[in-house]
Amino acid sequence: MSAHDFQLWMSLYAATAVCCAIAFLLSATRVGVLIVRERIWVHTHGWKAWLLVGPQIWWRWQKTYLLTTPVTLGIVGAFALSLPWGG
């Protein structure tokens, strides 16, 4: 692998990391807002209910984060197509 190819791949990985970081922040913010709006702590009575709050929040975040996958793939794919791969 030439240095040029290595730089192209590293820029592609960096673009993917930036898109994933943005998706992480946006999905975590959205889930946080939903939790505050729904006030889930009001409906949580007993230690078993509190034990299940963590997985419920995790599942909400996972669903929201996975919804960003097509957008991330589209952005990174468009960036990959704009790079000079034939060099």
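- Residues Arg60 and Ile57 have side chains not in contact (no heavy-atom distance under 4.5 Å, counting atoms from C-beta outward).
- Taking OH from Tyr65 and CD from Gln62, the interatomic distance works out to 9.0 Å, rounded to the nearest 0.5 Å.
- Contact detail for Cys19 and Ile75: the closest heavy-atom pair is SG-CG2, 3.6 Å.
- A chain of hydrophobic side-chain contacts below 4.5 Å, direct or via other Ile, Leu, Val, Met, Phe, Trp or Tyr residues, connects Val18 to Leu26.
- When side chains are defined from C-beta on, His4 counts as touching Pro84, because their heavy atoms get closer than 4.5 Å.
- Rounded to the nearest 0.5 Å, atoms OH (Tyr13) and SG (Cys20) are 12.5 Å apart.
- Enclosure of atom CH2 in Trp41 by more than 12 non-hydrogen atoms of other residues, nucleotides or ligands within 6.0 angstrom is indicated.
- Using a distance-only test at 3.5 Å, with no hydrogens or angles considered, no donor-acceptor pair links the side chain of Trp85 to the main chain of Asp5.
- Under the 3.5 Å distance criterion, the side-chain polar atoms of Thr44 are matched with a main-chain donor or acceptor of Ile40.
- Put simply, the side chain of Leu25 does not reach to within 4.5 Å of the side chain of Ile22, judged on heavy atoms.
- Residue Val33 is not grouped with residue Val31 when hydrophobic side chains (ILVMFWY) are merged at heavy-atom distances under 4.5 angstrom, including chains of intermediate members.
- Note on Leu67: it does not cluster hydrophobically with Leu34, by side-chain heavy-atom contacts below 4.5 Å among ILVMFWY residues.
- Criterion: ILVMFWY side-chain heavy atoms under 4.5 Å apart, direct or through other members. Under it, Trp59 and Trp50 are not part of a common hydrophobic cluster.
- Ring centroids of Trp58 and Trp61 are separated by less than 6.0 Å, placing the two rings close together.
- Hydrophobic clustering, with ILVMFWY side chains joined whenever heavy atoms are under 4.5 angstrom apart, keeps Leu81 apart from Phe79.
- The distance from the OG atom of Ser2 to the CD atom of Gln7 is 8.5 Å, given to the nearest 0.5 Å.
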